[in-house]
Amino acid sequence: MNAPALAAAGTATPADAGYAERLLRWFDINGRHDLPWQHPRTPYRVWLSEIMLQQTQVKTAIPYFERFVAALPTLPALAAAPGDDVMALWSGLGYYARARNLQAAARRCMEQHGGELPRDIDALTALPGIGRSTAAAILSQAWGDRHAILDGNVKRVLARYHGIDGYPGQPAVEKQLWQRAESHLPSARMADYTQAQMDLGATLCTRADPACVLCPLQDDCVARREGRVAELPTPKPGKPVPQKHACVLWLENADGEVLMLRRPPTGIWASLWTLPQADDASASRAWFEHEARGDFSRAKALPPIDHAFSHYKLRLQPLRLRDVALHGRVGDNADLRWVARGEFASLGMPAPIRKLLETKLEP
DNA sequence: AAATCGGGGTT
DNA sequence: AACCCAGATTT
């Protein structure tokens, strides 16, 4: 294949014309046409799906999406909802800043854009939680507007197709990928084209064991021709992650309710409800003796929970204590309260804490 | 056990 | 511009 004309990046050149055509022809037969956000394909539903899909795979996102749009079917409904409701609907998906940004953006749309998502790439990108790729995905899918996306799937496809070396998260590499993405845009069918790219990357040009023999782009794929499919895209340079430890207190009152507190609005597990946590057992004891009455030595250590973040590993040691009463009146502090088992579903909680609290224990 | 994913925040 | 942060899932 001839070297593509870099000067022409941004417009489809004759040399590129086949890319979108072949991809769309493949999509018509093999693409995903029944995703819940495609029917009906409204700006609000596309937006919500794109935010969920930023760090979550389609299969995982679908039940969350269904539940979310059933509870909050429109942008004004999202804007008007209590923040706790939004967090509860997001609970388990991870990256909770996405949910807070989502609602903040909805509220800004109510104030500045007449209660609708703006149909303008710059206005969209200015909203919290929406960057260049997400804005492009919304506009192309909701309206058919001509913008290139560059998510993880597209990065992988383009890195292989053009044989681009270097970690795609690196700015210089990402810049090249954007240029390639712009160069392949078709002149019509943008909604299908955007979905087709994501489908190709998700179902066929996968990270491990891609199905190259089925690929509509295999004839011009540099990685395929040079036998470098397995080594592209270049993996992220690894770093050792530190191991951290903490204790969590599982305190129950005489009614079997669990003491929970709301974490601060920034940092890890922001705004989520969780168990009282301290760096070690003696700090847990100090917290307990300050807040509660009872014999701390009765606390029973449960099996530790291991949880992995991208930048550190956390081992949580749960300490369970029952028939606990507090010194003060809990009702005075909205961020610390007794929670009945039946209320768990309505609170946003980190996945490992929810799992811990739902483990069956002897009475 | 390690890699992954897009946007926002900080330096 | 170049890191750093956030978390559940998949491999």
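In the text below, chain A, chain B and the rest are named by the order of the sequence lines, each starting its count at 1.
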Enquirer: More than 12 heavy atoms of other residues, nucleotides or ligands under 6.0 Å from NE2 of A:H290: yes or no?
Expert: no

Enquirer: With rounding to the closest Å, how many angstrom separate the C1' atoms on B:dG7 and C:dT10?
Expert: 22 Å

Enquirer: Return the set of residues passing salt bridge (Lys or Arg N to Asp or Glu O under 4.0 Å) with A:D85 (not counting sequence neighbours), or none when no residue passes.
Expert: none

Enquirer: Could you tell me how far C:dA8 sits from B:dG9 if I compare only their C1' atoms? Round to whole Å.
Expert: 22 Å

Enquirer: Give one of base, sugar-phosphate or nothing for A:Q55, where a contact means two heavy atoms less than 4.0 Å apart.
Expert: base

Enquirer: Ring centroid separation for A:Y193 and A:H184, is it under 6.0 angstrom?
Expert: no

Enquirer: In whole angstrom, what separates A:K236's NZ from B:dC5's P?
Expert: 10 Å

Enquirer: I want to confirm an ordering. Mapping A:Y95 and A:P171 to their closest nucleotides on DNA chain C, which one lands closer to the 5' end?
Expert: A:P171

Enquirer: If you look at every strand shown and take non-hydrogen atoms under 4.0 Å, does A:G169 touch a base, only sugar-phosphate, or nothing?
Expert: nothing

Enquirer: Rounding to an integer number of Å, can you tell me how far A:N153 CG sits from B:dA3 P?
Expert: 19 Å

Enquirer: Which part of the nucleic acid, if any, lies within contact of A:L272, taking any heavy atom under 4.0 Å across all strands shown: a base, the sugar-phosphate backbone alone, or nothing?
Expert: nothing

Enquirer: How many Å lie between CH2 on A:W269 and C1' on C:dC5, as a whole number?
Expert: 15 Å

Enquirer: So that I can tick it off, tell me whether A:E252 and A:R320 are bridged by a salt bridge, with the cut-off set at under 4.0 angstrom between side-chain N and carboxylate O.
Expert: yes

Enquirer: Does A:R67 qualify as a cation-pi partner of A:W90, given the criterion of NZ or CZ under 6.0 Å from the six-membered ring centre and within 45 degrees of its axis?
Expert: no

Enquirer: OP1 or OP2 of C:dT9 sitting under 4.0 Å from any side-chain N/O of A:T56?
Expert: no

Enquirer: Specify the separation, in whole Å, of atom CD of A:Q54 and atom P of B:dG7.
Expert: 5 Å

Enquirer: Output the rounded distance in Å from OH (A:Y96) to P (C:dA8).
Expert: 5 Å

Enquirer: So what does A:R354 touch, heavy atoms closer than 4.0 Å: a base, only the sugar-phosphate, or nothing?
Expert: nothing

Enquirer: Remember a base hit wins even if backbone is also touched, and classify A:I51 as base, sugar-phosphate or nothing at under 4.0 Å, heavy atoms.
Expert: nothing

Enquirer: Round to a whole Å and report the spacing from CD of A:Q57 to P of C:dG7.
Expert: 18 Å

